[in-house]
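First the proteins, then the strands, lettered A, B, ... as listed; each starts at 1. In what follows, every heavy atom counts, from backbone to side chain, and hydrogens, waters and symmetry copies are set aside.
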Amino acid sequence: MIAQVIVDVAARQTDRVFEYHVPDGLDADVGSRVIVPFGRRKVQGFIVSLTEQSSFAGQLKDLLLVVDEMPPLTEELVELSADLAREIFAYRISILKTMLPGVMRANYRKILVPASEQAAKLPLFQGDEVDLANLEEAHLIKMVKQLISKGEARIEYLVENQARKKMTAVYFPRLKAEEYRELLNEVRAGASQQKKLLSDLAENLPAYPKSREQLKELGISTAALKNALEKNWLSLKEVEQYRRPTKPVAPSQPLKLNADQAAVLDRISQDLQAHKSQTFLLEGVTGSGKTEVYLQAISQALALGRTALMLVPEISLTPQMVRQVQSRFGQQVAVLHSALSEGERYDEWRRIRRGEAQVVVGARSAVFAPLHNIGLIIIDEEHEGSYKQDNNPRYHARDVAIWRSRYHGCPLILGSATPSLASRARAQKGVYQLLRLQKRAKNQPLPRVDLIDLKHVQFAGSQFDLSCPLTEAIQDRLAKKEQVILLLNRRGFANFMLCRNCGFVLKCPNCDLSLTMHKDTWTMQCHYCGYQEAVPEVCPNCRDRQIRFLGTGTQKVQEELSELFPQAKILRMDVDTTRRKGSYERILTSFGRGEADILLGTQMIAKGLDFPNVTLVGVVNADTGLWLPDYNASEKTFELLTQVAGRAGRADKEGQVMIQTYNPDHYAIRLAQKQDYELFYAKEMQVRHAGDYPPYFYTVLVSVSAKNEQNAAREAFKIKRQLLSVLKAPTIVLGPAPATISRLKNQYYYQILVKYKREKHLNELLHQIQDQAQEVKKYGLNVEIDPEPERIM
DNA sequence: AGCACGCCGACT
DNA sequence: GTCGGCGTGCTC
């Protein structure tokens, strides 16, 4: 038997199978994680197929070890990895590694071992093993080299498995319930602990085996247990114990659906029953009851003996959310997200792999959960940018979900109040099936949304951050002991030019996108086409001198708030205050308990939070994201404002939303005020059409980086020429232009954007460029290819 | 990637 | 003469 193995060496030349002979007695299968000899060393690898006939001319080496008792990868995942690698220009091994929990990544070590008894007596070998990676002293390095060349020592290559199982001691019963009952009569009267133990055994025998902790909770001491072991009432065994990230929760019953919800569920149910792979776009305003539809659809999948996968953005994977799913499906649920420890993640993952969990809730990478027989996939808040991984391998969870939906013949639900334009457009074309939930489930009215035009308003504090109307409204809520959420839109921290007098924003004449100020060169630059001009001193529109380069921070606003409301308690939530594990949750619970009056934060407070006492939501600066040099700036702004507006007045109290903006007439802001997604969609599609942007065009971003700016630029131009030699209209090749952060960690970035409708040879051409990238890497040039980038900055 | 081989200049 | 710098090529 011959195994075809993808080895753990991420490089162009090794991005293919290597064949190994499977020695007798080794239980190797497709998907197995194995250790193989590779050149002089040993590496980890994954078997992607088994054959009888080798295509390799040389002598095959033997597999050394099969690491896990059960292959970690299913055949489906092995197949998926091949397709995905091709699509997103990633090495297959990188994809296989991202499919698995982090602890399955191998740890490589090189140690020196003596080759003779003589050598073993050297002082060098007397302490711990000699790890060659930690060898620093020059004389020791020299000595080691001599030993090796004289044949007195050799290097041993180790591949270590980091996966650890947690073992725990549990007590098994050795007798029958009646026998324990009889024993209960025999023990002497004073032996209270023994009595407790025996009566528990007699009455709750099916609940056994029990752990030491469980028995201690019953008031049975270690001494009493020792005694029970000696008397052969119990036996002790070490068994594996799962590290569970969540506590059991009280079960919940399905809610009664309204007519809209029932119709949607019914439509999904049809394809679920029919084993049909169909993508649904479920468009439903905040509070329309999407979650209940998800839960009941999952129930149906389970009833058919199938499994379900539900993805949510990391940020909304709050304990409340997880609890909701768990209260419906209990122990069948496995949870996968970044707040888990490595051990917890490994154990949750193994529960899935072993078929012990049938429902998976998780963030982006959970899309690779090793479920069998998937009956339903759900992506909630499908418009969220976090579903696309922004470093290698740059996969989009939605694309992976579509692939898996085809593989399993199951429905995929994309749910959102503000679907991404790409998804909404596909629904328009009939690629996805559009389903709508237009009413709020409990028939609450949408909150009132007011726009505050910052061009014609008095500011309350010393800074130009908080207007009088907003501060008055805050004052009012503070007096009523109600709570306030303030959102500071940090997206778009890049400095753009804004006129305080007329609201004018300096834009690129070719691209209709805002220019970004570069302090180093004192120029305004376009990051799409490379256009640049000098930083203006007066507003090019109205000649006013009151021009500003925007960018504000939560700290600054917090200071201003405490200045205006010295008596108010303010909680700040941003990357700085949530860096530590669990702090996100801590801040939210504290606010939920009413320990603060105002919650001030960035994007992260806009999602999925539900605080009944919040009656005012203020947006400090709606515009910052609007003039970002990205074609989807309006879409992201609309999304954010609509989501945040949904945070006000979710219970019985009426809510109000105040949005401060310099651009009250901009369609993204106006339509967010009206909460009119459909109109926004129509308008934005026109804009995208006029600008040849997605979803009318597909995009690929090729970025080149180097320590030396000229080298990066030169290579970028070379790649552009190469692209132009093959690609023809209507394909558009823009750039190279310096990236928004043109220098990052001393690397200069240049990027080329390819916009295309249909290009048969593009994939092949990009693979060629990727191959060349490996060659030019030695000159310090890095080339990266990002299909359908989320951000082009 | 990482390891060896091989070629060249620099030194005890 | 040998040590160590980096370019080149290979890994089943």
*Return the value, rounded to whole Å, for the distance between atom NZ of A:Lys142 and atom P of C:dT2.*
13 Å
_Could you work out, with side-chain hydrogen bond (donor to acceptor under 3.5 Å, both in side chains) as the rule, every residue matching A:Ser116, not counting sequence neighbours?_
none
*Pull out every residue in residues 40-49 of chain A that has a heavy atom closer than 4.0 Å to any atom of DNA chain B, ordered by number, or say none.*
A:Arg40, A:Arg41
*When the distance from CG of A:Asn392 to P of B:dA1 is rounded to whole Å, what number comes out?*
12 Å
*Look at atom CG of A:Asn391 and say whether more than 12 heavy atoms of other residues, nucleotides or ligands are closer to it than 6.0 Å.*
yes
*Just call it for A:Ala10: base, sugar-phosphate, or nothing, with non-hydrogen atoms closer than 4.0 Å on any strand.*
sugar-phosphate
*Please state how far atom NZ in A:Lys145 lies from atom P in B:dC5, giving the value in whole angstrom units.*
13 Å
*asked:* Between A:Asp390 and A:Arg791, does any NZ, NE, NH1 or NH2 come within less than 4.0 Å of an OD or OE carboxylate oxygen?
replied: yes
*Whole-Å gap separating P (C:dT11) and CG (A:Asp15)*: 16 Å
*Classify the side-chain pair A:His767/A:Asn763 by whether it contains a donor and acceptor separated by less than 3.5 Å.*
yes
*Charged N to carboxylate O under 4.0 angstrom, A:Arg109 versus A:Glu129?*
yes
*Which nucleotide in the list B:dA1, C:dC12, C:dG4 gets nearest to the side chain of A:Lys61?*
C:dC12
*Side chain of A:Thr14 only, please: which of B:dC3, C:dT11, C:dC12 is the nearest?*
C:dT11
*Which part of the nucleic acid, if any, lies within reach of A:Gln13 when heavy atoms closer than 4.0 Å are counted: base, sugar-phosphate only, or nothing?*
base
*Atom pair distance, as rounded to whole Å: CD in A:Gln146 and C1' in C:dC3*: 11 Å
*Distance, rounded to the nearest Å, where A:Ile148 contributes CD1 and B:dA4 contributes C1'*: 13 Å
*Closest nucleotide of DNA chain B for A:Val9 versus for A:Ile155: which of these residues is on the 5' side?*
A:Val9
*Return the residues of residues 84-92 of chain A meeting this criterion: a heavy atom under 4.0 Å from some atom of DNA chain B. Order them by number, or give none.*
none
_Any donor-acceptor N or O pair under 3.5 Å, side chains A:Gln162, A:Arg105_ = no
*A:Phe56 ring over C:dC12 six-membered base ring, under 5.5 Å and 30°*: yes
*Could you tell me whether A:Arg350 and A:Glu240 have a side-chain N and a carboxylate O separated by less than 4.0 Å?*
yes
_Nearest-nucleotide pick for A:Tyr157, side chain only, options being B:dA1, C:dC12, B:dC3_ = B:dC3
*asked:* Suppose we call two aromatic rings close when their centres sit under 6.0 Å apart. Are A:Phe697 and A:Tyr631 close by that rule?
replied: no
*Length of the line joining A:Tyr108:OH and B:dC3:P, which is rounded to integer Å*: 11 Å
*From the options B:dA1, B:dC3, C:dT11, select the nucleotide whose nearest atom is closest to the side chain of A:Lys110.*
B:dC3
*Determine whether the side chains of A:Ser277 and A:Arg406 contain a donor N or O and an acceptor N or O closer than 3.5 Å.*
no
*Taking CG from A:Leu60 and P from C:dT11, how many angstroms apart are they, rounded to a whole number?*
12 Å
*Given A:Phe18, which of A:Phe46, A:Phe56, A:Phe38 fulfils the ring-ring contact (aromatic ring centres under 6.0 Å, His included) condition?*
A:Phe38
*NA contact type, A:Phe38, heavy-atom cut-off 4.0 Å: base, sugar-phosphate, or nothing?*
base
*Which is true for A:Arg12 with a 4.0 Å heavy-atom rule: it touches a base, it touches only sugar-phosphate, or it touches nothing?*
nothing
